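What you see is a predicted model; the values in this text were computed from it and never measured.
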Amino acid sequence: MSTLEIKDLHVSIETEQGTKEILKGVSLTIKTGETHAIMGPNGSGKSTLASTIAGHPRYTVTSGSITLDGEDVLEMSVDERARAGVFLAMQYPVEVPGVTMTNFLRTAKTAIDGEAPALRTWTKDVKAAMQELRIDADFAQRNVNEGFSGGEKKRVEILQLELFKPKFAVLDETDSGLDVDALKVVSEGVNRAHATGNMGTLLITHYTRILRYIKPDFVHVFVDGKVVEEGGPELADRLEEEGYDRYLSGAGAAVAPAVQA
């Protein structure tokens with residue numbers, strides 16, 4: 001079992017108005033085999049947390065720590081984090097002109113594992129994963145995300161997740177922009193990857209609809225850069241009914257006890 005541990009994390013960015021603190025003391029522990037959902041209103045710091053875990057240079061950690069099995073993640077470069085087992089499914093996947101899906105996937109897999117996958121097995125795995133995600137076989141020869149629809153880009157993110165087999169997957173609003181059919185397909189891909197028991201999932205979302213397909217073990221409510229409440233799946237059901245108003249009005253200022261050990 002692997003553990004991703006975030007302790008009292010404070011993160012800031014530089015703006016035209018000066019330094020702005022976004023995360024204000026976030027603590028969270030995720031173990032392989034667990035699914036954690038982070039929910040909250042716009043601007044609460046959810047995506048900042050995802051980007052900080054992945055190593056985005058825009059975000060400055062001013063205090064606190066992130067460790068993976070005791071190793072200091074903050075001292076790792078972006079590619080070192082990927083090799084250590086951290087995967088980020090981006091909210092807005094970027095286009096990579098001139099690089100085909102086939103070349104990108106095999107090159108990335110080789111970089112992560114330290115050796116090239118056996119060609120025959122790899123080709124079989126890629127085809128099977130693409131079929132499961134309902135990605136047309138022709139996409140393998142297209143440039144990464146170039147001309148893809150929003151839903152196609154999100155499916156390609158989950159294709160990477162299934163093929164790269166990370167220890168921890170951070171899914172940054174993977175449900176945004178998806179219709180019901182695409183949401184089901186993407187969720188099934190995440191569930192397949194998670195079913196091995198070798199991956200922990202941090203699922204960031206505004207809405208509960210994806211949680212109908214990906215069942216969280218723990219739910220954390222983010223407001224103003226802090227976790228203001230934690231609970232089990234029933235907390236997501238309550239948010240569906242009540243929304244975030246009670247937290248925004250200050251009623252959620254005290255953090256409820258964490259439910260995980």
Open item on the list: Testing N143, N145, L159 one by one against M101 for a side chain to side chain contact (heavy atoms under 4.5 Å, CB included), which residue passes?
Closed with: L159
- [ ] Using a strict cut-off of less than 4.0 Å between a Lys/Arg side-chain nitrogen and an Asp/Glu carboxylate oxygen, indicate whether D138 and R142 qualify as a salt bridge.
- [x] no
TODO: Please check if F104 and V96 belong to a single hydrophobic cluster, counting links between Ile, Leu, Val, Met, Phe, Trp and Tyr side chain heavy atoms closer than 4.5 Å.
DONE: yes
- [ ] May I ask you to check whether over 12 heavy atoms, not counting those of R134, lie within 6.0 Å of atom CZ?
- [x] no
- [ ] Can you measure from CE (M130) to CD1 (I135) and round to the nearest 0.5 angstrom?
- [x] 5.5 Å
Open item on the list: Quick check: do D237 and T208 have side-chain heavy atoms less than 4.5 Å from each other?
Closed with: no
Task: Ion pair K167/D69, N-O distance below 4.0 Å - done: yes
Task: Gap between atom NZ of K46 and atom CG of L203 - 0.5 Å precision - done: 11.5 Å
Open item on the list: Can you pull out every salt bridge (charged side-chain N to carboxylate O under 4.0 Å, His left out) where at least one residue sits in residues 197-214? Sequence neighbours excluded, please.
Closed with: R212-E240
Open item on the list: What I'd like to find out is whether the side chain of T174 reaches to under 4.5 Å of the side chain of I158, using heavy atoms alone.
Closed with: yes
Task: Distance, nearest 0.5 Å, that separates CD1 of I6 from CG of L28 - done: 5.0 Å
Open item on the list: Against F222, only a single residue in L49, V228, T48 fulfils side chain to side chain contact (heavy atoms under 4.5 Å, CB included); can you say which?
Closed with: L49
TODO: Return yes when atom NZ of K165 has more than 12 non-hydrogen atoms of other residues, nucleotides or ligands closer than 6.0 Å, and no otherwise.
DONE: no
TODO: Verify the neighbour count for atom CD of E115: are there more than 12 heavy atoms of other residues, nucleotides or ligands below 6.0 Å?
DONE: no
TODO: With rounding to the nearest 0.5 Å, note down the distance linking OG1 in T29 to CD in E5.
DONE: 4.0 Å
Task: Contact summary for F168 and L4, nearest pair of heavy atoms - done: CZ-N, 3.4 Å
Task: Approximate separation, where rounding is to 0.5 Å, of H36 NE2 and L202 CG - done: 8.0 Å
